[in-house]
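Working notes for the structure below.
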Amino acid sequence: MSAKTYEVRTYGCQMNVHDSERLSGLLEDAGYVPAPKDAEGADVVVFNTCAVRENADNRLYGNLGQLAPKKAARPGMQIAVGGCLAQKDRDTIVKKAPWVDVVFGTHNIGKLPVLLERARVQEEAQVEIAESLEAFPSTLPTRRESAYAAWVSISVGCNNTCTFCIVPALRGKEKDRRPGDILAEIEALVDEGVSEITLLGQNVNAYGSDIGDREAFSKLLRACGKIEGLERVRFTSPHPRDFTDDVIAAMAETPNVMPQLHMPLQSGSDTVLKAMRRSYRQERFLGIIEKVRAAMPDAAISTDIIVGFPGETEEDFEQTLHTVRESRFAQAFTFQYSKRPGTPAAEMEGQIPKEVVQARYERLVALQEEISWEENKKQVGRTLEVMVAEGEGRKDDATRRLSGRAPDNRLVHFTRPEEPVRPGDMVTVEITYAAPHHLLAEGPAQAVRRTRAGDAWEKRNAAPAAKPAGVMLGLPTIGAPAPSPAPAAGCGCD
């Protein structure tokens, strides 16, 4: 009898991406195998949902509706819904889509295999939503998508009360992992061949508030610098309120902490920031940017911005444009405000007409596109060591190029070296051309450095590995793209 197959469909932020790695690990630990990419379906389909967009539920129910006839034609098929929307809607999901077998929340993802089995035996839907975290997700099995880059969660939950964000209500209050546990996980990953890690938290630089140490995050960054074999450290997403001078110093003084920062702005207007219940103002934000650039002149800074928040005037929007001009972001994830059900902002007066929001959004995107291109042009002529990536360059085969990430996380397409290189290896190139969203290195590679991370990628793709016991730090996946350490255009809640 062949093993049952599974598929996990992920929506939303980096936290959901990482949770999906754990869901996959749990299912494989229970004996399931990934459904082949060319398969017509899977025996178990899991939706890991996001609740921060107004139409998130419509998208989910549309996808569930498409699966209903497939399930009817496939005896034994099961459908599970988890994540933030499941935490919010609970029993509503089964009422609207009675063919769903399991609904689980953000706090009890470890129960998925048990709930699937219970639904199969009892032949009825299982809805189990925990109100608080049952076990820190890091204790769960994990099927990591990359052999050379990994997410490492340092905290879950958020103590902020931003009026546009529902995440704290669904993820709970911030809970920090012990530093020793985090470093032990990173060391284990490095032993497996991982050379780049991204520290992950809903509000990553507030780390320490749960354990009473205001400098815990900077200490953690410095401790990462002492791990032999760990070449690149990134983190996302911080909050301006908690971004302190000791963190800037730790970034600048720790060689393997990359010169990259994702700092959510949301708005440049003090009036709007107050309405958003953001605890900083424009002057404070620009002061952080100035300090970061003074300490790390080559740092690439990205951001999140919401356009059209309730009550936003033309003058408020001009303040956002001013802040963008002053900040010189390498990249910005821009969002048109949409009502998040269950948030205070959804009930505020002064909701902005769609056409006004659209016009402002287009002006902001045009400005940021211009700045991104200007900032990228400054990279021309620089020599950079690029980590070869997997799945980053859609046109690589046609152009005979490879793609990878520079230390500051800019995407670089470069001429394929004569000697073979693997994802995770390092290639030194000179930048010859800049576009708004990528760089080109059209000349021959100046150096190629084969790495343990490349060895790990090669080993994973050479043959299926034996099923490991306990916490899994990298099961084989043929041709799976690496999770980009770039900040995703996610919930924009930090």
Side-chain angles (χ1 to χ4, degrees), residues 196 198-199 204-205 215 217-218 220-222 224-225 230-240 242-265 268 280 282-305 321-333 367-387 404-412 414 426-441 446-447 484-487:
E196 175 175 308
T198 301
L199 303 175
V204 70
N205 63 314
E215 295 189 353
F217 187 61
S218 61
L220 182 62
L221 291 177
R222 292 183 187 277
C224 287
L230 180 59
E231 297 204 27
R232 293 185 171 188
V233 178
R234 307 184 191 275
F235 58 88
T236 195
S237 285
H239 190 293
D242 303 299
F243 203 78
T244 50
D245 290 350
D246 61 297
V247 173
I248 297 174
M251 291 179 67
E253 296 165 10
T254 309
N256 65 354
V257 176
M258 294 294 97
Q260 174 219 345
L261 177 64
H262 184 70
M263 180 63 70
L265 169 64
Y280 56 90
Q282 182 192 107
E283 184 178 3
R284 157 75 171 151
F285 186 91
L286 290 175
I288 293 172
I289 301 300
E290 185 178 358
K291 287 181 179 179
V292 170
R293 295 209 191 283
M296 294 170 286
D298 293 329
I301 302 174
S302 56
T303 196
D304 295 330
I305 302 174
L321 296 181
H322 169 73
T323 310
V324 169
R325 291 188 190 101
E326 291 294 310
S327 299
R328 308 293 301 174
F329 298 117
Q331 186 179 18
F333 298 107
L367 172 62
Q368 181 55 51
E369 193 89 350
E370 179 183 324
I371 293 172
S372 294
W373 200 355
E374 290 173 355
E375 291 300 306
N376 274 0
K377 286 176 182 176
K378 295 177 183 178
Q379 305 298 309
V380 174
R382 292 189 66 193
T383 298
L384 303 174
E385 186 172 55
V386 176
M387 178 182 284
R405 294 280 171 175
D408 65 8
N409 208 40
R410 283 183 166 92
L411 179 62
V412 180
F414 57 94
M426 298 289 193
V427 178
T428 301
V429 297
E430 180 181 340
I431 304 303
T432 57
Y433 175 81
H437 303 293
H438 68 267
L439 304 173
L440 284 182
Q446 297 182 7
S484 168

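Values below: all heavy atoms of this structure, side chains included; hydrogens, waters and symmetry mates excluded.
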With heavy-atom distances below 4.5 Å as the criterion, would you say the side chains of Asp298 and Arg382 are in contact?
yes
ring-ring contact (aromatic ring centres under 6.0 Å, His included) involving His438 - partner list, sequence neighbours excluded
His413
Pairwise salt bridge (Lys or Arg N to Asp or Glu O under 4.0 Å) hits with a residue in residues 282-297, at least two apart:
Asp245-Lys291
Any heavy-atom pair between the side chains of Glu253 and Arg222 that's under 4.5 Å?
yes
With Asp408 as partner, the option from Met296, Gln379, Met258 fulfilling side-chain contact (heavy atoms from CB on, under 4.5 Å) is Gln379
Aromatic plane relationship, Phe285 with Tyr280 - under 30° parallel, 30 to 60° tilted, over 60° perpendicular
tilted
Are side-chain heavy atoms of Leu261 and Pro238 found at a separation under 4.5 Å?
yes
Let's go through Thr428 and Glu385 carefully: what are the C-alpha distance in whole Å and the side-chain angles of both, what is the deciding distance for side-chain contact (heavy atoms from CB on, under 4.5 Å) to 0.1 Å, and is it a yes or a no?
CA-CA 4 Å; Thr428 301; Glu385 186 172 55; 4.1 Å; yes
Would you mind reporting whether Phe217 and Asp246 have side-chain heavy atoms less than 4.5 Å apart?
no
Residue pair Gly225 / Asn256: nearest heavy atoms and the distance that separates them
CA-OD1, 3.3 Å
Please enumerate all residues that pass salt bridge (Lys or Arg N to Asp or Glu O under 4.0 Å) together with Asp242, with sequence neighbours excluded.
none
Could you tell me whether the side chain of Cys224 reaches within less than 4.5 Å of the side chain of Thr254, counting heavy atoms only?
no
Please round to the nearest 0.5 Å and tell me the distance separating atom CG of Leu367 and atom CD of Glu370.
6.0 Å
Under a 3.5 Å distance rule, please check whether Thr303 uses its side chain to pair with a backbone N or O of Met263 as donor and acceptor.
yes
Would you call Gln368 and Gln331 a side-chain contact if the rule is heavy atoms closer than 4.5 Å?
no
Backbone of Leu440 reached by a side-chain donor or acceptor of Thr432 within 3.5 Å
yes
Report yes if the side chains of Ile289 and Ile301 come closer than 4.5 Å at any heavy-atom pair, otherwise no.
yes
The reported gap from CD in Glu196 to CG in Asn409 (rounded to nearest 0.5 angstrom) is 7.0 Å
Please step through side-chain contact (heavy atoms from CB on, under 4.5 Å) for the pair Phe329 and Val324, ending with a clear verdict.
CA-CA 7 Å; Phe329 298 117; Val324 169; 4.2 Å; yes
Going by salt bridge (Lys or Arg N to Asp or Glu O under 4.0 Å), name the pairs with one or both residues in residues 321-330, residues two or more places apart or in two chains.
Arg328-Glu374, Arg328-Glu375
Tell me the closest heavy-atom pair linking Ser372 and Ala330, and the distance in Å.
OG-O, 2.9 Å
Among all residues two or more places apart in sequence or in another chain, which pass the side chain to side chain contact (heavy atoms under 4.5 Å, CB included) test with Ala434?
Asn376, Lys377, Val380, Leu439
Phe414: which residues meet the ring-ring contact (aromatic ring centres under 6.0 Å, His included) condition with it, sequence neighbours left out?
none
I want to check something: taking the side chain as every heavy atom from C-beta on, are Arg405 and Leu411 in contact at a cut-off of under 4.5 Å?
yes
Short question: side chain of Ser302, backbone of Ala332 - any donor-acceptor pair under 3.5 Å?
no
